[in-house]
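Here is the structure we will look at.
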Amino acid sequence: MPELPEVETVRRGLQPVMEGAVVEKLVLNRPDLRFPFPENLNDRLQGQKIVSLGRRAKYLLIEFEDGASLISHLGMSGSYRIEPDLRVSAQEQAEDGFHYPRSKNPTHDHVVFHVQSPVYGSRQVIYNDPRRFGFLLLCGTGELAEHPSLKDLGIEPTGNSLSGPVLAELFKGKKVPLKAALLDQRLIAGLGNIYVCEALWRTGLSPLRAAGDVAQDPQLAEALATSVREVIAEAIVAGGSSLRDHRQADGTLGYFQHSFAVYDREGEPCRRCGAPVQRIVQNGRSTFFCAACSS
DNA sequence: AGAATTACCTGGCAGC
DNA sequence: TGCTGCCAGGTAATTC
């Protein structure tokens with residue numbers, strides 16, 4: 001599920017119940033995910049108010065009033081959902097505007113935040129992750145920027161910071177294929193396999209082309225930077241659209257509503273030229289592109 | 001140093 | 001219907 005747009009969708013879904021809420025209790029149903037949970041996590045967070053829910057690249061940042069932060073990464077299969085507390089009546093549940101998806105598999109409900117929201121009252125925010133590639137790290141006051149998971153991250157592909165000249169500078173002299181360069185979180189942070197394929201297709205660039213090539217052509221660099229920004233922005237809007245009617249934490253719905261130009265469309269006609277979409281493997285991962293109209 | 005490969009897990013699906 | 005093999009959007013560790 002989670003590339004940047006999905007994490008942003010999750011952030012927006014959780015924000016209403018979590019921001020300003022107090023952590024009543026944190027329940028860990030196992031000792032670890034990808035990494036061991038921080039020690040005494042419940043003791044550290046119990047009674048603390050969540051002051052904001054942020055995001056950096058694909059990381060969800062839960063910031064507390066004492067300045068500490070939880071860094072949450074969803075890995076490949078992580079998701080959050082909101083559930084009503086037992087004390088919340090069916091009537092209130094029906095009227096609070098939230099959508100409460102059932103747990104697809106309760107055995108993978110690894111973390112439960114019991115929160116008391118000033119607006120919605122008691123709710124459970126539940127982290128589910130079948131593959132357990134996700135992780136939860138605790139970061140002390142003021143250490144977020146220097147945290148090992150965050151300090152080497154490149155620029156966000158949101159807003160206007162990713163311009164043609166900026167992209168050209170990042171890719172200058174790089175011999176690696178565009179696919180690898182765009183996936184490199186130290187250059188641009190937040191792109192994953194899907195949106196890299198989509199942005200390259202949109203620009204008419206082959207994923208096999210050397211990144212340094214694009215750096216030497218200001219127009220190409222501008223076009224690629226624009227495509228990346230557009231693809232990400234549109235995906236966030238699509239994720240958000242599933243939140244319009246029922247605010248929900250799980251970004252899955254928005255994600256699957258997306259119709260991709262090339263991703264997972266091997267053999268199907270290119271939406272630009274009609275030639276069959278190709279699938280190749282780069283660095284052990286699938287790349288989808290149109291060999292006929294990308295170069 | 002930088003690039004490529006492997007490891008970490010479970011679930012779903014195609015093919016037999 | 002079960003079994004096997006393969007594939008999956010992530011980062012980190014290891015090897016080259």
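Worth saying up front: this structure is predicted, and the values here are computed from it rather than measured. Just the heavy atoms: all of them, side chains too, but no hydrogens, waters or symmetry mates, feed the values below. A, B, ... follow the sequence lines: proteins, then strands. Residue 1 opens every chain.
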Whether T141(A) side chain and D66(A) backbone form a donor-acceptor pair below 3.5 Å
yes
Pick base, sugar-phosphate or nothing for D129(A), based on heavy-atom distances below 4.0 Å to the nucleic acid.
nothing
What's the gap between dA1(B) and dT11(C) when it is taken at their P atoms, as a whole Å value?
23 Å
Separation of atom CG in L74(A) from atom P in dA12(C), rounded to whole Å:
14 Å
When both distances are under 3.5 Å in a Watson-Crick or G-U wobble arrangement, the nucleotide paired with dA14(B) is dT4(C)
Taking atom P in both dC9(B) and dC3(C), what distance in whole Å separates the two?
24 Å
Using 30° and 60° as the class limits, which term best fits the ring planes of Y127(A) and H110(A): parallel, tilted or perpendicular?
tilted
Using whole Å, what does the distance between atom P of nucleotide dC7(C) and atom CZ of F288(A) come to?
11 Å
Nearest-Å distance, CG (L33(A)) to P (dT11(C))?
16 Å
Rounded to whole Å, please give me the gap between CG in D264(A) and P in dC6(C).
19 Å
Validation row: L14(A), I62(A) side chains within 4.5 angstrom (heavy atoms):
no
Assign G192(A) to base, sugar-phosphate, or nothing according to its heavy-atom contacts below 4.0 angstrom with the strands shown.
sugar-phosphate
Please classify the nucleic acid contact of R132(A) as base, sugar-phosphate, or nothing, using heavy-atom distances under 4.0 Å.
sugar-phosphate
Quick note, Y59(A) side chain, CB onward, closest among dA12(C), dC7(C), dG10(C) is dA12(C)
Separation of dA12(C) atom C1' from H147(A) atom NE2, nearest Å, is 13 Å
By nearest-heavy-atom nucleotide on DNA chain B, the more 5' of R186(A) and F133(A) is R186(A)
I71(A) CD1 to dA12(C) C1': how many Å, rounded?
15 Å
Relative to each other, are the rings of H73(A) and Y59(A) parallel, tilted or perpendicular (30° and 60° limits)?
perpendicular
CD/E146(A) to NZ/K151(A) distance, rounded to the nearest 0.5 angstrom?
7.5 Å
Output the rounded distance in Å from CG (N193(A)) to C1' (dG10(C)).
10 Å
Reported OG-to-CG distance for the pair S69(A) and L137(A), which is rounded to 0.5 angstrom
11.5 Å
Looking only at side-chain N and O atoms, does R285(A) come under 4.0 Å of OP1 or OP2 in dG10(C)?
yes
May I ask you to decide if the ring planes of Y80(A) and F113(A) are parallel, tilted or perpendicular, using 30° and 60° as cut-offs?
tilted
So what does K58(A) hit on the nucleic acid, given a heavy-atom distance under 4.0 Å: a base, only sugar-phosphate, or nothing?
sugar-phosphate
Provide, to the nearest angstrom, the distance between the CG atom belonging to N283(A) and the P atom belonging to dA8(C).
13 Å
Can you give the first and last nucleotides of DNA chain B, 5' to 3', that have an atom under 4.0 Å from a heavy atom of chain A?
dA3(B) to dG11(B)
Just by distance, no angles: are the side chains of N193(A) and K179(A) close enough, under 3.5 Å, to form a donor-acceptor pair?
yes
